[in-house]
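No experiment lies behind these values; they were computed from the predicted model shown.
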Amino acid sequence: MAKPTEKMRRGTYERDGERCVSCGAMWDLSYQHRAADGMGGSKDRPGPADGLTACVLCNARFEGDLQAKALRLGWKVPRWVRARGLAADVPYYHAHTGRWYRLDPEVTIRRPISVREAARMMLRVYGPDGPVKGDSS
């Protein structure tokens, strides 16, 4: 996936309260692609549901020791989810607010949802086994 436009990056940071979704940091923020770029990525620009705000440390850890947690909490989604246009159907948990959110696929806004609704959304996308541990492809 290509880099986000500056407008998309700024909108994502604002939507996420200028904080890392994982640790709540307000410094060294970066745009986190929810689906892995892979080898060279693509020319497609990310949409509003394709990225989150993460500090550079957490962003790097989402591909390492935090990968399973990132998949469970919607910070990462497998490539097949994005390829099927389902990224907006995977909610994410924002650690600083302690809430689950649904992302709008068209504009950079988030809507708070209940834990129950987040679980239903995850079940619809992933089935009863959930996202496969350690698989962001």
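- Arg111 and Asp104 get closest at one heavy-atom pair: NH1-OD2, 3.1 Å.
- Of all heavy-atom pairs spanning Ala2 and Pro46, the tightest one is O-CD, 3.3 Å.
- Nearest heavy-atom pair across Ser114 and Trp100 is O-CB, 4.5 Å.
- Once rounded to the nearest 0.5 Å, the distance linking CZ of Arg45 with NZ of Lys3 reads 9.0 Å.
- Arg124 has a carboxylate O that lies under 4.0 Å from a charged side-chain N of Glu117, or vice versa, which qualifies the two as a salt bridge.
- The main-chain N or O of His94 is never found under 3.5 Å from a side-chain atom of Tyr101 such that the two would form a donor-acceptor pair.
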Verdict with reasoning, Met122 to Val90, per side chain to side chain contact (heavy atoms under 4.5 Å, CB included) = CA-CA 6 Å; Met122 290 285 210; Val90 176; 3.9 Å; yes

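- Linking ILVMFWY residues whenever their side-chain heavy atoms come closer than 4.5 Å, directly or via other members, places Val115 and Ile113 in the same cluster.
- Smallest separation of non-hydrogen atoms from Ala95 and Ser22: CB-O, 2.9 Å.
- Across all non-hydrogen atoms, the minimal contact from Cys20 to Ala54 is SG-CA, 3.7 Å.
- Taken together through direct or relayed side-chain contacts under 4.5 Å among Ile, Leu, Val, Met, Phe, Trp and Tyr, Trp80 and Phe62 form part of one hydrophobic cluster.
- The side-chain heavy atoms of Tyr92 and Asp16, taken from C-beta on, include a pair separated by under 4.5 Å.
- Of the inter-residue distances, the one linking Leu57 atom CG with Leu66 atom CG reads 8.5 Å to the nearest 0.5 angstrom.
- Side-chain atoms of Pro78 and Leu71, non-hydrogen and from C-beta on, do get closer than 4.5 Å to each other.
- Ionic pairing of Glu18 and Arg10 is present here: one or more N-O contacts between side-chain nitrogen and carboxylate oxygen are shorter than 4.0 angstrom.
- Counting heavy atoms from C-beta on, the side chains of Lys69 and Trp75 come closer than 4.5 Å.
- Rounded to the nearest 0.5 angstrom, Gln32 CD and Asn59 CG are separated by 4.0 Å.
- Between Leu73 and Val21, the closest side-chain pair of non-hydrogen atoms is not below 4.5 Å.
- Within the 4.5 Å cutoff, no side-chain heavy atoms of Met8 are placed close to those of Asp50.
- When the side chains of ILVMFWY residues are joined at heavy-atom separations under 4.5 Å, either directly or via intervening members, Val107 and Leu52 end up in two distinct hydrophobic clusters.
- Rounding to the nearest 0.5 angstrom, the gap separating the CG atom in Leu103 from the CZ atom in Arg34 is 5.0 Å.
- Here OH of Tyr93 is found 10.5 Å from CZ of Arg99. Values are rounded to the nearest 0.5 Å.
- Proximity of a side-chain donor or acceptor of Lys76 to a complementary backbone N or O of His33 within less than 3.5 Å is detected.
- Taken to the nearest 0.5 Å, the CZ atom of Arg19 stands 11.5 Å off from the OG1 atom of Thr53.
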